[in-house]
Q: 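Here you go, one structure.
Note that this is a predicted model, so its numbers are computed, not measured. Per chain, numbering begins at 1; letters A, B, ... match sequence-line order.
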Amino acid sequence: MRFQLLDADYIQNQKPIIRLFGKTERNEPICCFFEDFIPYFYVEGEEEKVRELLKDSEEVVSIEKEKKIPAIGYTKEPRNVLKIITKKPESVVKTRELLSKKKFVKNIYEADILFKYRFLIDYGLHGMDWVDVECNKIFTKTVKCPAFKIKKIKRIEKDRNSQLKYLSFDIECIPKDFTKSPDPKRDQIILISMSFEPKYKNKKTLVLCKKMIKAGKNVLCFAEEKEMLKKFSEIIDEFDPDIITGYNIEDFDLPYILERFKQNKLAATFGRCTDKPVFSRKVGISYQCNISGRIIVDSYQILKKDPWIKFMHYDLNTVAKELLGEGKIDIKYRDMDKYWNGDEEKIKKFISYAEKDAELALRIVLEKGLINKFVELAKLSGLLLQDTFGGQSIRVETMLMHEFKKRNILMPSKPSNDEVDRRIKEREKEELKGATVLEPVKGLHCKGCIIVLDFASLYPNIIRTFNISPDSLILDKKIEKSIKYITSPTGAKFVDAKIYEGVIPSVLRNMLETRKKIKKMMKKSSGEKKKIFNAMQLALKTMANSFYGYTGFVLARLYVLDIANSITSFGRENLRKTKKMIEEKFQYKVIYADTDSAFVETDITNLDKAKKVGEEISAYVSNNLPGYLELEFEKTFRTFLILTKKRYAGWSFEPTDSGWKDKIEMKGIETIRRDWCKLVTETMNTVLELILKKGDVKSATNYVKDIIEKIKKNEIPLEKLTIVKGITKSLTSYKGTLPHIELAKKLVKRHPENPPKVGDRLGYVIIAGNSMLSKRAEEVEYVKEKKLAIDSNYYISNQLLPPIERILRAVGISKTELLGGGHQVNIKDIMNKTRREVNHNINIESNDIKKLGGWEDFICEKCKKTYNRMPLSGLCTCGGKILISYHGSVSRKCKQ
DNA sequence: TCACATCGGGG
DNA sequence: GTGTACGATGTGA
């Protein structure tokens, strides 16, 4: 029989038995039992004393002598170790603790590896692998799918995945007090919505409702919560999904529903076995859940961690709208009880609301192929699919453990708390040096193309080129004298790859070569195939990139600072050499470089020519660098604006099969931030566009001036000035004064019947006035109704100018250009200067001006045209001198 | 700028 | 369970 390995665990009878959950080629769920595998670990120390200590141990089955290779430090000879074979998985812990206190024990290895993983590693099996088993059918009530006893098992190659069944669910419950979260110990679940793929009993969705009402065909009603929960469990068993998904289920719905099972004295046995209940436990801040034989996929957690897609907010509504073009049904949290206790219409809307949530959660996973990459990560790392959603280090360790097994290398234990503290302290002393970031030639570069080149997979290729690996690191002085090696810029020595290729370089060689092939295949393919290839190459890239960081991670089993530092030092040397080569050979200036990229300024105005030069540089530099280091031509910027290290924007042109593809690219310059109003975002984008696409600093400046005038004239729609912030806790528990909280307090007084609640998001604008800023936050509606003026000063100097100024400063908005003489100043200085000069002349402190409601108009002496601020030329367009109209009356002349 | 605190998602 | 362990963003010094 053949099946794809979905999940694994073990049970204990007389002896431990491994259980493998999988799906056959015909997509049937099965469970296979493997009985002949027992726990063990390794000890390095005085054999006689170890034997003496353990001779009467109940836990230990036997002790065997073996020869093993250490993971850290190159050696030719394996070392003597003792393999301690134990009765049960727990015996390993007990024996380990007993041994670890003894002086005659030098080291303990692999005594902290989960039993299921011990099995998978020893049999060379990865999560989501296809396996071929010789087996007999057995009969057991402990699992709900057909069960077999394995006689023989081996991994097979198969490029298809079995078809998985998905169920997404969502629960609704109403708290006693809307300022608090619902309490799973007290507040019942009132709705459970589900969505299925494929259909369940010809239904795409189903909603369980704890209220006897007349409802549609996709709704089942219950008088009691207990009955509803029972039904939920039954449906899961009947539909029998492989994947259980939902939005933030791991941290909310699952723990909540499990507590409700407990309160109703029901066993939560909706996994694929009857002997292990579904459980969730608090680990640190978040919950961790397990459903035997099924996989929990929480799209919220996946999306939040994904470095490629970023959302403004991570609530289901925003994310679904962004990904699927469809959001939630609009029911506010605080209105839920009104719907639930309302008329039939209201309840029906509430039911659709719940139904929609389950639907959206499922569609996100399916339509966006959310788990594809993780399936590939499982196959690659060896982790079970469920465990690939967590951190990177466990992926690296599991993958290396598989390699170590093949090479007879022992994996060190995880660091103890003391060891972690030591590492942290050590790190504080001699800091881990990072990558090189060249100081950029700041400003706007628009005379010729900026050619961008970069090193693909820099760190993985450095590791390969210089054979950097814990097992190739030379620690022994004697070996050092007798062997050929490479020395890193920090002085660490690695055996020459021809003599011995380290584990990490070797797995990276495989991964990078495979990735190249897959990328080629991806180009030729389409549809679902292409998606899978893409998932594969993404998984390979993710894996390849995680080795460098791993060796410098304080909780790593293979924490080797010499390695982390060698990698970055080679990186710095590489970038230095690259810059030198480009500048000496090609006579172009490298105006910026960061870690693995170089930005080359040229006088070339033709894109194709720039590309040609880029390729020449690429070829030359690559030929003159060792090993696998390859500088590739990536794109050119037609215009390039760099503010500081890591902050730039440019008009990029990337060569594609169908010609040049252009776009405005930004790094480190945020145009979108939650605490900025729309106006700022819009202005930023326009300014950047004007500067980059038109190279027109002047019109960008004018545009900003124009916006400023509009703000002062109250011509900007309030919607664009609205800042949105959420109420996160009860109003009284805020210590400081925050605008949206002050507004919320006002609203409580204004409409006591419908006060803002925890979890609400409030949009506000800042209105003009003398009081503290946060006291002047107001609702848009209210401002319109009362015809209040906005605080234009605030919007100009607190919202608009800070980000705009950072950009305009870099393009050297100078007095020379703007005022006709003097040194370089930035736009804010100009504004301030104008204000200060005004103040000075009219002899009023700026504070006083504020009290009086700000300076007013600037009026032309000749034509009486008014300006909202001092024209930068100091003169009116008609040439007349500017006077200040102050507090309604024209005041003194302004000094030019 | 760095250390410390908070908040998020869900309902 | 041969355990595990948030991470980004905002505030304060």
Q: Over how many whole Å does the gap from A:Met312 atom CE to B:dG9 atom C1' extend?
A: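 Distance check: A:Met312 CE to B:dG9 C1' gives 17 Å.
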
Q: Applying side chain to side chain contact (heavy atoms under 4.5 Å, CB included), name anything that partners A:Lys414, two or more places apart in sequence or on another chain.
A: A:Asp112, A:Arg557

Q: Distance check, C1' atoms only: B:dG11 and C:dG7, in whole angstrom units.
A: 23 Å

Q: Which part of the nucleic acid does A:Ile174 contact within heavy-atom distance under 4.0 Å: base, sugar-phosphate only, or nothing?
A: nothing

Q: Just to be sure I understand the rule, does A:Pro182 reach a base, reach only the sugar-phosphate, or reach nothing, if contact means heavy atoms closer than 4.0 Å?
A: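 Here A:Pro182 touches the bases of the nucleic acid.
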
Q: Which pairs pass ring pair (Phe, Tyr, Trp, His ring centres under 6.0 Å) with one or both residues in residues 274-301 of chain A, sequence neighbours excluded?
A: A:Tyr247-A:Tyr300

Q: Distance check needed: C:dC6 P versus A:Ile394 CD1, whole Å only.
A: 14 Å

Q: Tell me every residue that passes side-chain hydrogen bond (donor to acceptor under 3.5 Å, both in side chains) with A:Thr205, counting only those two or more places apart in sequence or in another chain.
A: A:Glu355

Q: A:Asn248 side chain: which of B:dG11, B:dG9, C:dT2 is closest?
A: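 That would be B:dG9.
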
Q: To the side chain of A:Glu172, which of C:dG3, B:dG11, B:dG10 is closest?
A: B:dG11

Q: Is A:Arg96 near enough to C:dG3 that one of its side-chain N or O atoms lies under 4.0 angstrom from OP1 or OP2?
A: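 So the side-chain polar atoms of A:Arg96 do come within 4.0 Å of the phosphate oxygens OP1 or OP2 of C:dG3, strictly under.
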
Q: Which nucleotide, B:dG8, C:dG3, B:dG11, lies nearest any side-chain atom of A:Asp112?
A: C:dG3

Q: Could you state the CG-C1' distance from A:Leu360 to B:dG10, rounded to the nearest angstrom?
A: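 For the pair A:Leu360 CG and B:dG10 C1', the rounded distance is 15 Å.
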
Q: For the side chain of A:Ile285, starting at C-beta, report the closest nucleotide among C:dG1, C:dC6, B:dG11.
A: C:dC6

Q: Looking at C:dA5, I'd like to know if its phosphate oxygens (OP1 or OP2) sit under 4.0 Å from a side-chain N or O belonging to A:Gln288.
A: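 Affirmative; the distance criterion is met.
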
Q: Nearest to the A:Lys304 side chain among B:dG8, C:dG3, B:dG11, which nucleotide is it?
A: B:dG8

Q: Could you state the atom-to-atom distance from CG of A:Leu114 to C1' of C:dT4 in whole Å?
A: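 Going from CG in A:Leu114 over to C1' in C:dT4 covers 10 Å.
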
Q: If I pick the P atom on C:dA5 and the same atom on B:dG10, what distance separates them, to the nearest angstrom?
A: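 Each nucleotide's P atom is 23 Å from the other's.
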
Q: For DNA chain B, write out the stems as range with range, using runs of 3 or more consecutive Watson-Crick or G-U pairs with both distances under 3.5 Å.
A: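 So the stems come out as B:1-8 with C:6-13.
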
Q: Please name all residues satisfying side chain to side chain contact (heavy atoms under 4.5 Å, CB included) with A:Phe553, sequence neighbours left out, ordered by chain then number.
A: A:Ser393, A:Leu555, A:Ala556

Q: Regarding A:Asp170, tell me which of base, sugar-phosphate or nothing describes its non-hydrogen contacts under 4.0 Å with the strands shown.
A: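 Sugar-phosphate, backbone atoms only, no base.
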
Q: Out of the candidates A:Lys211, A:Arg186, A:Lys210, A:Arg260, only one should pair with A:Glu225 under the salt bridge (charged side-chain N to carboxylate O under 4.0 Å, His left out) rule; please name it.
A: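 Looking at A:Lys211, A:Arg186, A:Lys210, A:Arg260, the match for A:Glu225 under the salt bridge (charged side-chain N to carboxylate O under 4.0 Å, His left out) is A:Arg260.
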
Q: Tell me: CZ of A:Phe311 to C1' of C:dA8, nearest whole Å?
A: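 In whole Å, C:dA8 C1' lies 16 Å from A:Phe311 CZ.
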
Q: Evaluate the criterion ring-ring contact (aromatic ring centres under 6.0 Å, His included) for residue pair A:Tyr550 and A:Tyr559; output intermediate values, then yes/no.
A: CA-CA 7 Å; A:Tyr550 174 78; A:Tyr559 178 78; 9.4 Å; no

Q: Indicate, with a heavy-atom threshold strictly under 4.0 Å, whether A:Ile171 touches base, sugar-phosphate, or nothing.
A: sugar-phosphate

Q: Taking the six-membered ring for Trp, is the centroid-to-centroid distance between A:Phe119 and A:Phe115 below 6.0 Å?
A: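 No, the ring of A:Phe119 stays outside the 6.0 Å limit from the ring of A:Phe115, centre to centre.
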
Q: Atom CG of A:Leu254 to atom C1' of B:dG10: distance rounded to whole Å?
A: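 Atom CG in A:Leu254 sits about 12 Å away from atom C1' in B:dG10.
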
Q: Taking CZ from A:Phe389 and P from B:dG9, how many angstroms apart are they, rounded to a whole number?
A: 20 Å

Q: A:Asp357 side chain: which of B:dG10, C:dT2, B:dG11 is closest?
A: B:dG11

Q: What pairs with A:Glu172 under salt bridge (charged side-chain N to carboxylate O under 4.0 Å, His left out), at least two apart in sequence or on another chain?
A: none

Q: Have a look at A:Lys276 and say if it touches a base, only the backbone sugar-phosphate, or nothing, with a 4.0 Å heavy-atom cut-off.
A: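 Result for A:Lys276 = nothing.
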
Q: Closest to the A:Tyr10 side chain: C:dG1, C:dT2, B:dG10?
A: C:dT2

Q: For the rings on A:Tyr10 and A:Phe34, is their centre-to-centre separation under 6.0 Å?
A: no

Q: Base, sugar-phosphate alone, or nothing: which one does A:Tyr256 contact when heavy atoms must sit under 4.0 Å apart?
A: nothing

Q: Please list, chain by chain and in numerical order, all residues satisfying salt bridge (charged side-chain N to carboxylate O under 4.0 Å, His left out) with A:Asp418, sequence neighbours excluded.
A: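 For A:Asp418, no residue satisfies salt bridge (charged side-chain N to carboxylate O under 4.0 Å, His left out) once neighbours in sequence are set aside.
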
Q: Centre-to-centre under 6.0 Å for A:Phe41 and A:Tyr109, is that the case here?
A: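 No, the ring centres sit 6.0 Å or more apart.
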
Q: From CG of A:Asp251 over to P of C:dG7, roughly how many Å is that when rounded to an integer?
A: 13 Å

Q: Under 3.5 Å, is there any donor-acceptor pair linking the side chain of A:Tyr247 to the base of B:dG10?
A: no

Q: Does the side chain of A:Lys116 get closer than 4.0 angstrom to OP1 or OP2 of C:dG1 through an N or O atom?
A: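 Yes, A:Lys116 has a side-chain N/O under 4.0 Å of OP1/OP2 on C:dG1.
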
Q: Among pairs that include at least one residue of residues 248-259 of chain A, which meet side-chain hydrogen bond (donor to acceptor under 3.5 Å, both in side chains), considering only residues two or more places apart or in two chains?
A: A:Glu259-A:Gln263

Q: Look at A:Lys414 and C:dT4 and indicate whether a side-chain polar atom (N or O) is within less than 4.0 Å of OP1 or OP2.
A: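 Answer yes for this pair, as a side-chain N or O of A:Lys414 is under 4.0 Å from OP1 or OP2.
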
Q: With sequence neighbours left out, write down each residue that passes side chain to side chain contact (heavy atoms under 4.5 Å, CB included) with A:Pro415, or none if nothing qualifies.
A: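 Counting only residues at least two positions away or on another chain, A:Pro415 forms a side chain to side chain contact (heavy atoms under 4.5 Å, CB included) with A:Glu419, A:Val420, A:Arg423.
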
Q: For A:Tyr314 and B:dG8, say yes or no: do the ring centres fall under 5.5 Å of each other while the ring planes differ by less than 30°?
A: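 Stacking between A:Tyr314 and B:dG8: absent.
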
Q: With sequence neighbours excluded, tell me which residues meet salt bridge (charged side-chain N to carboxylate O under 4.0 Å, His left out) with A:Lys102.
A: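 Not a single residue meets the salt bridge (charged side-chain N to carboxylate O under 4.0 Å, His left out) criterion with A:Lys102.
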
Q: Under a 4.0 Å heavy-atom cut-off, which of residues 85-95 of chain A touch DNA chain C?
A: A:Pro89, A:Val92, A:Val93

Q: Strictly under 3.5 Å: I want the nitrogen or oxygen pairs between protein and nucleotides 1-4 of chain B, one per line.
A:
none

